[in-house]
Amino acid sequence: QVQLVESGGGLVQAGGSLRLSCAASGSIGSTNVMGWYGQAPGKQRELVATITSGGIRSYADSVKGRFTISRDNAKNTLFLQMNSLKPEDTAVYYCWFRHMWARNEYWGQGTQVTVSS
């Protein structure tokens, strides 16, 4: 069992920055993938970025060059640095976790990011 708790969301003006954090606890293991999904009002939950325990990153095209995903394995913490924010980035952002050796996926409760114009 893995528990995920997000923090760092809030209200920011277009062009501003936020840094989201996700603290993981429980049976983390040594090989896994963590990421961030965003769900805008009335839309599907979409993948934003992922990072493996080995540091391999991937990004949605819409955030490339603006967002950076990182992790601190020693502290079991995931981050999303969000720069040059746009109103269309407004969404609830969810932390996600999957072991390499199991099928189960885990989700945080979500944190709201609102970008005003």
Audit row: Thr50, Ser58, side-chain hydrogen bond (donor to acceptor under 3.5 Å, both in side chains) steps and yes/no: CA-CA 5 Å; Thr50 63; Ser58 65; 2.5 Å; yes
Where [X] and [Y] come nearest, the two heavy atoms and their spacing:
| X | Y | result |
| --- | --- | --- |
| Ser30 | Ser53 | O-OG, 3.3 Å |
| Met82 | Val113 | CE-CG1, 4.2 Å |
| Cys95 | Glu6 | N-OE2, 2.7 Å |
| Ser117 | Ala14 | CA-CB, 4.4 Å |

Side chain to side chain, Thr52 and Met100, heavy atoms closer than 4.5 Å: yes
Donor-acceptor side-chain pairing of Asn83 and Ser17 below 3.5 angstrom: yes
Check: Thr114/Thr90 side-chain N/O donor and acceptor closer than 3.5 Å: no
Would you compute the distance between atom [atom1] of [X] and atom [atom2] of [Y] and round it to the nearest 0.5 angstrom?
| X | Y | atom1 | atom2 | value |
| --- | --- | --- | --- | --- |
| Leu85 | Arg66 | CG | CZ | 6.5 Å |
| Met34 | Ser70 | CE | OG | 11.0 Å |
| Phe79 | Leu20 | CZ | CG | 11.0 Å |
| Gln81 | Leu18 | CD | CG | 8.5 Å |
| Tyr59 | Thr68 | OH | OG1 | 4.5 Å |
| Ser62 | Glu46 | OG | CD | 7.5 Å |

Establish whether [X] and [Y] are linked, either directly or via other cluster members, by ILVMFWY side-chain heavy-atom contacts under 4.5 Å.
| X | Y | value |
| --- | --- | --- |
| Val92 | Leu47 | yes |
| Tyr94 | Val33 | yes |
| Trp96 | Phe67 | no |

Salt bridge Lys64-Asp61, side-chain N to carboxylate O under 4.0 Å: yes
Checking the side chain of [X] only, and the main-chain atoms of [Y] only, is there a donor and an acceptor separated by less than 3.5 Å?
| X | Y | result |
| --- | --- | --- |
| Asp72 | Leu78 | no |
| Ser21 | Ser7 | no |
| Thr111 | Tyr93 | no |
| Thr77 | Lys75 | yes |
| Arg57 | Ala49 | no |
| Arg71 | Ile51 | yes |
| His99 | Gly29 | no |

Charged tip of Arg98 within 45° of Tyr106 ring normal and under 6.0 Å: no
Aromatic ring proximity, centroids under 6.0 angstrom, Trp107 and Tyr37: yes
